[in-house]
**Student:** 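My questions will all concern the structure given below.
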8 protein chains.
Amino acid sequence: MDEPALRQLLDDVRQGALAPDDAVARLRRLPFADLGFARVDHHRALRQRTGEAVYGPGKTPEQCAGIVAELLVEPGGPVVLTRATVEQVASALDAAPGGVVTATGEHSLVAWRPAAERPGRVLLITAGTADLPVAAECQAVLEAYGFRPVLVADCGVAGVHRLLATVDDLVEADAVVVVAGMEGALASLVAGITPAPVVAVPTSAGYGAGLNGITALLAMHASCAAGITVVGIDNGFGAACALARMLL
Amino acid sequence: MDEPALRQLLDDVRQGALAPDDAVARLRRLPFADLGFARVDHHRALRQRTGEAVYGPGKTPEQCAGIVAELLVEPGGPVVLTRATVEQVASALDAAPGGVVTATGEHSLVAWRPAAERPGRVLLITAGTADLPVAAECQAVLEAYGFRPVLVADCGVAGVHRLLATVDDLVEADAVVVVAGMEGALASLVAGITPAPVVAVPTSAGYGAGLNGITALLAMHASCAAGITVVGIDNGFGAACALARMLL
Amino acid sequence: MDEPALRQLLDDVRQGALAPDDAVARLRRLPFADLGFARVDHHRALRQRTGEAVYGPGKTPEQCAGIVAELLVEPGGPVVLTRATVEQVASALDAAPGGVVTATGEHSLVAWRPAAERPGRVLLITAGTADLPVAAECQAVLEAYGFRPVLVADCGVAGVHRLLATVDDLVEADAVVVVAGMEGALASLVAGITPAPVVAVPTSAGYGAGLNGITALLAMHASCAAGITVVGIDNGFGAACALARMLL
Amino acid sequence: MDEPALRQLLDDVRQGALAPDDAVARLRRLPFADLGFARVDHHRALRQRTGEAVYGPGKTPEQCAGIVAELLVEPGGPVVLTRATVEQVASALDAAPGGVVTATGEHSLVAWRPAAERPGRVLLITAGTADLPVAAECQAVLEAYGFRPVLVADCGVAGVHRLLATVDDLVEADAVVVVAGMEGALASLVAGITPAPVVAVPTSAGYGAGLNGITALLAMHASCAAGITVVGIDNGFGAACALARMLL
Amino acid sequence: MDEPALRQLLDDVRQGALAPDDAVARLRRLPFADLGFARVDHHRALRQRTGEAVYGPGKTPEQCAGIVAELLVEPGGPVVLTRATVEQVASALDAAPGGVVTATGEHSLVAWRPAAERPGRVLLITAGTADLPVAAECQAVLEAYGFRPVLVADCGVAGVHRLLATVDDLVEADAVVVVAGMEGALASLVAGITPAPVVAVPTSAGYGAGLNGITALLAMHASCAAGITVVGIDNGFGAACALARMLL
Amino acid sequence: MDEPALRQLLDDVRQGALAPDDAVARLRRLPFADLGFARVDHHRALRQRTGEAVYGPGKTPEQCAGIVAELLVEPGGPVVLTRATVEQVASALDAAPGGVVTATGEHSLVAWRPAAERPGRVLLITAGTADLPVAAECQAVLEAYGFRPVLVADCGVAGVHRLLATVDDLVEADAVVVVAGMEGALASLVAGITPAPVVAVPTSAGYGAGLNGITALLAMHASCAAGITVVGIDNGFGAACALARMLL
Amino acid sequence: MDEPALRQLLDDVRQGALAPDDAVARLRRLPFADLGFARVDHHRALRQRTGEAVYGPGKTPEQCAGIVAELLVEPGGPVVLTRATVEQVASALDAAPGGVVTATGEHSLVAWRPAAERPGRVLLITAGTADLPVAAECQAVLEAYGFRPVLVADCGVAGVHRLLATVDDLVEADAVVVVAGMEGALASLVAGITPAPVVAVPTSAGYGAGLNGITALLAMHASCAAGITVVGIDNGFGAACALARMLL
Amino acid sequence: MDEPALRQLLDDVRQGALAPDDAVARLRRLPFADLGFARVDHHRALRQRTGEAVYGPGKTPEQCAGIVAELLVEPGGPVVLTRATVEQVASALDAAPGGVVTATGEHSLVAWRPAAERPGRVLLITAGTADLPVAAECQAVLEAYGFRPVLVADCGVAGVHRLLATVDDLVEADAVVVVAGMEGALASLVAGITPAPVVAVPTSAGYGAGLNGITALLAMHASCAAGITVVGIDNGFGAACALARMLL
């Protein structure tokens, strides 16, 4: 219910076309569909310009399928199912055929109704090969939203010339996502080179003192390079959404 | 042994109906049954008005069955077995038929001798679909104690209008349980709307920086909304007991 | 703006007494006063039945005084200033004379417009003498809200007979606040005795392994006694508000 | 040394205007000034379009003054000194008069050579009054960079209508900074309303379970709202730089 | 109220010498003195054979003095005041002259009514000179309880021959207290040499990765030497009490 | 090599019965057997009066068997294999028949050559049924060392009368082991009742805020009851060794 | 591209043998091979004198095989694959026959092209048998680099004479690696005896308070022995590389 | 007592020049001086080739002075007093004139009897100006041991060209110390460039998510660059000692 709709409603009341009690009821009615186990938010795409996402963990395959199907009922933007198990993917594709599946490590991501291609030079850099599943999640979501990110894998700082080979792309990018586990130092280095927004994704790659990504998360927040922003551990989806907020 | 019983005992001693040595022995006898592996507390229902609960993890199926059966020997209130495995459920139902089983995620809850329906408008709100198993545990225990909670699922703050649609119920509730993982922000929002007691249950839903529920627990404790109280992570049973203390 | 007011507004629109544009403007107007540095919430007392509170830390004395004065502009319930420094107390009392000051350890609490006495047997138990400042904060807020809590100090479990001497009061209480630092065991013990709601306040009293109250907070959440709820470390104010939610 | 300069250098070598040894030496010469205690980076403004910043803590007043003066030697963009003590401010202003001082809690920020006003609707929202010093740091840096942020203070979720009053501004913003301590829930709520980039700044405001800002930091990372990015605790400067990356 | 007293009470009831109501009242009366801010436990010395202790932090000087004086009213064993400030010491000595003061780092310990000398070879070993204040607390309490511990300072494992020089004493000791900060390795080494009980006291001596004693505490618990027991960080008092439990 | 042996060696040198070089060699020879993967310590039983223990985790079944067999080569006291898998138990029993197997939760303990019965009233108390596997480990080791501990299960503080029924045993015990997970409060309560040494074993029983035993460990260290000592999480073996140090 | 090559390039430009544009292109070309999923660093062996390593976790078997094969394309030093699964080992050996496989606990290490034997007395000491898999990783890498370390297993400080038997070797070593879990005390002891560099490897051996190696890591950093350096938890590979840096 | 001395002693016994009892006594006598509060280790310089160090914190000025004076009694290598307060410095210089004082942030370091200059190209690199006090401690100790380290300050990775300007020195160094706070990324970068040993010193410079140096420590341990070793937080002294072990 946006402001024009509200004015219309009040005009209707004024002109007697709508009883006050009915107006009160409608004012209280909000744009979501209550499935019992979920309140599907048909308003989000309007509010946030991107699309709808369903987070798999903790939901039954049937719940995933139901929410995806409900979201596709109304016309709109892309719909993605993230961190889905094999069973959730199967159930969702059964209810909503046509989704594109991307492997993201142990899980999969499914995207329906991808957006048309949009401009914007997006660079997606990983510190190591082990960070690729998180980058894949980010890439798939960015592509569903219409972006065509360039993936540059394995630029860890232990061989800094590998990153320097990408300096031109870094300098010209509209936005950069840095995906790095272990000590997460790549984010600081990249942010010192590019003037573009840098979204850092700490990953759980590494072991021992990496603390499943907490070390990288803390290190990215303690970075000596100004203006890095950080999303949650392994949250490739979140980084893609952050870029959508910036570039849309 | 409550105060009237004590007075009676002393009267008996005074009138010679009871020898002092016997009185000493009885004063030391306490209302529990020692099964060797457990001291079953027949006094708890009296002390706490609710009922008896057996916590499954760490107990063998036989121990679960034995404790449940012992609790049902004496007449009394509801008995629940929480966090039970398939084997524990089977063993307990074998020893004590008639229990009602509720799925609570990986485990189950079994309830015997449910209480009659009691008044009290109880609202049970979850932030996401993934929080439903914890809510189910809470709901099953509340129902065993005679309450009829209304479940409102998936009201996470990222779509605040979904919560606002429940404002009337929130304002009129006698007590509210908020079940939320991830950042746990729903508790603050709810407590800012309702004047009723708000019991917040942090859940382990979410990943990475959610730290298996610790983030939500800390956030609920650091809440800017006054008067929230918090129970342990995933502790739907505890929230139900807290409400029973308030409403009974 | 509650529902009757909304109906009235719509009636006014319907009858031409109010132009739609003015109605839109009024619908958007909310009951707070914007002081620039604070949005004073004149609606809270209505929503939450208790009163208004100003949290001192991080505010200048002038800001404290300004917010308190604004809250007292409209008639209503009690207003409290918590965790106030000497300078904040002086400034607030200067702007709003008549507040009652209570020492709460390093800080003070000031209360204006206390509520009339209300029924309700509230027990406030501390594990040690060092927990008294937190209990004092809780007591002062409860008294501002009209309750007359009974304070029982120094009942730590190392001398369990000291608590057992209070058993009758525990059993008959309408609500109990347990204030305990160190290992926080008192909460478990009390909750095993009383059927009333138990709100546990972990305190930072103790040293070393007490981790400034985190140990007590975790222990209270891990309690083997069912139905304890917990508020934040040293948060006597929060415990008082939780009781107000239960008893009002 | 950018690509045109490199070509020129090579042309000079080819034409005999520059000896190879001299070229090697120049290729190795980089655009910083070594003060002994600091390597002042005259290249950063070119690389990052914003300006230069000197972080006060751990530097002597003389070191602060020396670095600021060195940065102002060459023409360029704004220069800021952050987290400066009274002594550092005095020393820096002595060496480089004309800086504008902003109080940021215990410290101050000084800005020289502010940029001309730039377009861009930036909203700066705080959860509480105690978050204002961090917001002030962010605002001062944004202003030095040419932005004119709108500050909306004290919109904590415990009185959600205070935030809702700002919905129109949120929806139309080009970027939003959310400054929140305690449980940090405001970031989730804001991100659910606005489609703009949301940079969340956890603050150390609050006590006990707030863990000096760690709880808010974790909560913001665990947020159920997609696309939030987070900077370090109390890092208003970092948030301003992140916005500069997005908006310049 | 021990068992003979209970029998006597019941005999008195039986013979009419005591009315049942009076007996109920006496059964409820417990051996502590309620000072309002403290419930002084006159029963502890009987229960625990050692003496009474008052923990200073969080108490006013007047409270310290009041509790000490109350404890000295009845004849009995030693009374100690631990972690006392200069003001608390002065106030307590004023109320109860004759206490012996020991410096324990930032605080002091005062002991009244020391016990007569008892047998028992107690060895008190510190890893470094910086652990001496904690050892001093332990030593003073042990001496108040009648023991004459031998103090061996500065035996850290970096110069293992310093410890080996004490091997004979270790082998013949009745109990050993190891006071060590930093990595706390001395406890493992000592426990590998002596067959006696080893009580390890982690101290907050050290910096950085020592985490104020947490590292030593964890290391002592993870020790590869069997049968070490550990008390809290800097808790020399607790170690002394543990030895008293073993040796009395 | 004890002191008499050293004197004998020097006498042999003096009388020419031993060449100095041979003496140097023997002085350097120490009483262990080097199996390559382990240095089996034949000296420990002498040093520590108890017996030898082999910790299973991280060793192959063959290594376990080899070390046990080596330890049994020389006459001496009990030998125990702790935390052993099914394969380790089989392999060890194959190499060293006659060991007595005790189930200790997921693992087993095997004991060879148990000591003859020794005096000493040892009480072994658990807070809940889920703590029994840890208690079983402790009990089996104590029995191997000749003690006959009395096990009292399920005395959690939520039903304090269950513990009070054991008061007489507590008061008369020579040593008490308290095995408790969750909040670990039982240790404080027991230590307030008995004058005997109290060794507290935190267990990983419980979930969420119990942090796999860390909460109980911290709580036991922060205990308000004086003189508790603590061993590592789930370390029933360590508690038994600590008692052996005290009672042998 | 080292300095002589750079001079040559500039000479070529000067003499017209190379066009400036081509020189710019070559200056930007760096010595790695981009496989898409990895940027294989052919320059590392030159920079670091040791060899190349591929870290298994997070890579597919095909990726492991591809990187190893690429590294072996050019002549050079040893190549190792660490932390490899059975599938990764098989795939890598298929693509690059001749690698030597070493079991390192749950994983394996494969080494190709081992270096010729080098001088240097390297001592590799473990605290327990359970630390052997980490030591095996370290040993295999050291041997690939040409060293012949002496392994001394099971020297935990609980039987300090086992370490003292190795004193002569410690004093004469060129470098010592200490591999220890639990409380990690062995590192302090060794560093107090040897003047050689001591690299400490904390391991995750142990349980409970060992916190999967964090306790040992912290304890090694808090060591009272000067000049210990530490590598990551279970990082036998890193310790070997650290020694290669020192000894090559 | 080294091996020749032991042979001499045994010869003396054999020849009757020494009675066995006297030999036993001497064998037990070890080369330290017991001052009561410290066991001064006159043997360390022999064992470790470097010198003696006294750690100031936790010692009284008199204790510092006494230990320094005792160490200087016998001829030998350098003696340093670390982390000393103004009072400790004054007291030590009074007892042992001629020490050279270096400011190391809040504390000072004093060195007596510096060693003659030794060869060895040592590079000491800091990430920022705020890391200089820790570097100063390291430099002063290295100089006392005879090294002449080259200090390169302020090479943080946010301006990577500042480090690249030092590449030649890095490649030719015999050992490198990296002193870095915040996210500590500089260590990874340096280790990727130089083949020399890299000792990383995490510092507490930075704020918020830097966690007083814990983030840098963890990040350095989780580094993607092989063969970095790490010392404790702010432990410049330890890094100097580690280099002495490598280079002496």
Side-chain angles (χ1 to χ4, degrees), chain E residues 2-3 41 43-53 55 80 82 141 145 167-168 170-171 174-176 191-202 213-214 217-233 235 237-248, chain F residues 2-3 41 43-53 55 80 82 141 145 167-168 170-171 174-176 191-202 213-214 217-233 235 237-248:
Chain E
D2 53 14
E3 192 159 330
D41 185 351
H43 197 216
R44 186 171 296 169
L46 289 175
R47 287 200 317 277
Q48 303 197 356
R49 299 180 200 154
T50 55
E52 284 292 346
Y55 177 65
V80 297
T82 67
V141 176
Y145 291 172
V167 162
D168 289 353
L170 281 170
V171 169
D174 291 310
V176 182
I193 291 172
T194 183
V198 176
V199 174
V201 189
I214 291 179
L217 184 146
L218 290 170
M220 287 163 169
H221 274 304
S223 174
C224 58
I228 293 176
T229 59
V230 187
V231 298
I233 298 166
N235 195 352
F237 167 71
C241 293
L243 260 69
R245 287 175 179 270
M246 295 177 197
L247 299 176
L248 287 182
Chain F
D2 53 14
E3 191 159 331
D41 186 354
H43 198 216
R44 185 170 299 167
L46 289 176
R47 288 199 317 277
Q48 303 196 353
R49 299 181 200 155
T50 55
E52 284 291 346
Y55 177 65
V80 296
T82 67
V141 175
Y145 290 172
V167 162
D168 289 353
L170 281 170
V171 170
D174 291 310
V176 183
I193 292 172
T194 183
V198 176
V199 175
V201 189
I214 290 179
L217 185 146
L218 290 170
M220 287 162 170
H221 274 304
S223 174
C224 59
I228 294 177
T229 60
V230 187
V231 297
I233 298 167
N235 195 353
F237 166 71
C241 293
L243 260 67
R245 287 175 179 270
M246 296 176 197
L247 299 176
L248 286 182

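Convention: sequence-line order gives letters A, B, ...; per-chain numbering from 1.
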**Student:** I need the residue from E:G227, E:A175, E:A222, E:A240 with the largest number of non-hydrogen atom pairs under 4.5 Å to chain F.
**Tutor:** E:G227
**Student:** As an exercise, state the distance from CD1 of F:I228 to CG of E:N235, rounded to the nearest 0.5 Å.
**Tutor:** 10.5 Å
**Student:** Given a strict heavy-atom distance threshold of 4.5 Å, which part of F:I233 is in contact with chain E: side chain, backbone, both, or neither?
**Tutor:** neither
**Student:** Enter the distance from E:L243:CG to F:T229:OG1 here, rounded to the nearest 0.5 Å.
**Tutor:** 9.5 Å
**Student:** Check E:A196 against F:R245 and note the closest heavy-atom contact, atom names and distance.
**Tutor:** O-NH1, 2.8 Å
**Student:** Highest number of heavy-atom pairs under 4.5 Å with chain F: which of E:S223, E:A242, E:A239?
**Tutor:** E:A242
**Student:** What part of F:V199 gets within 4.5 angstrom of chain E, counting heavy atoms only: side chain, backbone, both, or neither?
**Tutor:** side chain
**Student:** Using a cut-off of under 4.5 Å for heavy-atom pairs, which of F:V198, F:D174, F:L247, F:L217 has the most such pairs with chain E?
**Tutor:** F:L217
**Student:** Which atoms of E:F237 are under 4.5 Å from chain F, going by heavy atoms: the side chain, the backbone, both sets, or neither?
**Tutor:** side chain
**Student:** Output the option from E:A200, E:G238, E:G232 having the highest count of non-hydrogen pairs under 4.5 Å with chain F.
**Tutor:** E:G232
**Student:** Measuring heavy-atom distances to chain F, does E:L218 have an atom under 4.5 Å in its side chain, in its backbone, in both, or in neither?
**Tutor:** neither
